[in-house]
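Encoded as structure tokens, the structure appears first; notes follow it.
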Amino acid sequence: MTRAWILPMLLVLGGSVMATVLTCEGSPGTAAAVLLAFVLLAGVNSPLIFPRSIGAQEAQRRSAADGRPVVFWRPGCTYCLRLRVRLGRSASQLHWVDIWRDPAGAEAVRAANDGNETVPTVVVAGRPYVNPDLEWVREQLSPPA
């Protein structure tokens, strides 16, 4: 199991324990609602909600070819999740690199952030931007006029 799945697994486990306790106390409806809430929270914090991650070198190669930004992210990061959710369907136009799965991606982020793994870090034309504004990221997806 990779680090990316630890938080979602803990959320499901915690929700299951709470649901079991609530069921034993005679509140099966509340137990079901609590379990559902924890499962949804686990899903949102899992790698499943993000487009398929690729390696940093492949993302940089593709970005050089098509001009689309590279987003370095990690599961469990609320800022990454907010960026992903607010981008909606256009998130698939970006090249996503999970720094917990790709050591080269983690190194690229540390190099851009004075040794810190601060994400999301968006790289456009070789220049990194840390936790950029959503509208700015959307502008980077638009073809130049």
Side-chain angles (χ1 to χ4, degrees), residues 1-22 27 29-145:
M1 179 176 20
T2 63
R3 289 193 308 182
W5 288 101
I6 291 174
L7 178 61
M9 295 299 283
L10 288 174
L11 287 168
V12 169
L13 182 63
S16 299
V17 169
M18 287 181 68
T20 301
V21 169
L22 288 168
S27 301
T30 305
V34 166
L35 183 58
L36 178 63
F38 272 83
V39 167
L40 289 174
L41 193 57
V44 166
N45 283 289
S46 76
L48 297 175
I49 197 164
F50 287 87
R52 186 167 182 84
S53 289
I54 57 177
Q57 292 176 339
E58 177 65 13
Q60 290 165 348
R61 185 190 67 72
R62 289 182 186 181
S63 179
D66 61 19
R68 294 186 291 172
V70 176
V71 179
F72 293 94
W73 72 285
R74 66 172 172 74
C77 168
T78 55
Y79 300 106
C80 298
L81 180 61
R82 181 179 66 190
L83 177 65
R84 166 59 188 99
V85 169
R86 291 182 68 200
L87 280 171
R89 297 178 103 173
S90 50
S92 62
Q93 296 177 27
L94 300 162
H95 303 293
W96 294 82
V97 178
D98 180 351
I99 66 169
W100 279 1
R101 289 185 178 204
D102 185 34
E107 181 57 39
V109 170
R110 285 192 298 271
N113 295 301
D114 299 321
N116 297 312
E117 289 186 354
T118 307
V119 288
T121 297
V122 179
V123 177
V124 177
R127 186 162 179 219
Y129 300 87
V130 180
N131 200 11
D133 180 64
L134 172 68
E135 292 307 317
W136 180 85
V137 174
R138 279 197 180 129
E139 288 172 12
Q140 304 312 304
L141 294 174
S142 303

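Within the 4.5 Å cutoff, the side chain of V137 has no heavy atoms near those of the R86 side chain. For the pair V12 and S16, the minimum side-chain heavy-atom distance is below 4.5 Å.
R84 contributes a side-chain N or O that, together with a main-chain N or O of G88, makes up a donor-acceptor pair within less than 3.5 Å. Counting only distance, with no hydrogens or angles, the side chain of W73 and the backbone of S53 share no donor-acceptor pair below 3.5 Å.
Between M18 atom CE and L13 atom CG the span is 12.0 Å, to the nearest 0.5 Å. Put simply, OH on Y79 and OG1 on T118 are 10.5 Å apart, with the number rounded to the nearest 0.5 Å. For the atom pair CG (L134) and OG (S90), the distance works out to 8.0 Å, reported to the nearest 0.5 Å. Taken from CH2 in W100 to SG in C77, the straight-line distance is 9.0 Å, to the nearest 0.5 Å. Interatomic distance, CG of L94 versus CD of Q140, reported as 10.0 Å (0.5 Å rounding).
Scored by the side chain to side chain contact (heavy atoms under 4.5 Å, CB included) test, L11 finds L7, F38, L41, A42, N45 as partners (sequence neighbours excluded). With sequence neighbours excluded, the residues forming a salt bridge (Lys or Arg N to Asp or Glu O under 4.0 Å) with E58 are R61, R62, listed by chain and number.
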Only pairs under 3.5 Å count here: list side-chain donor-acceptor contacts from residues 126-133, not counting sequence neighbours, and write none if there are none.
{"residue": "R127", "atom": "NH1", "partner": "Y129", "partner atom": "OH", "Å": "3.4"}
{"residue": "D133", "atom": "OD2", "partner": "E135", "partner atom": "N", "Å": "3.2"}

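The two residues R68 and S92 have their closest heavy-atom pair at NH1-O, 4.1 Å. Across all their heavy atoms, F72 and A108 have their closest contact at CZ-CB, 4.0 Å. A56 approaches A104 most closely through the heavy-atom pair CB-C, 3.9 Å. The minimum heavy-atom distance between V97 and A59, with the atom names listed, is CG2-CB, 3.5 Å. Among all heavy-atom pairs drawn from L141 and P69, the shortest one is CD2-CD, 4.0 Å. Nearest heavy atom pair, residue Q60 against residue V70, reads N-CG2, 4.3 Å.
Side-chain atoms of T121 and N113 include a donor-acceptor pair closer than 3.5 Å.
No more than 12 heavy-atom neighbours from other residues, nucleotides or ligands sit within 6.0 angstrom of CD on Q57.
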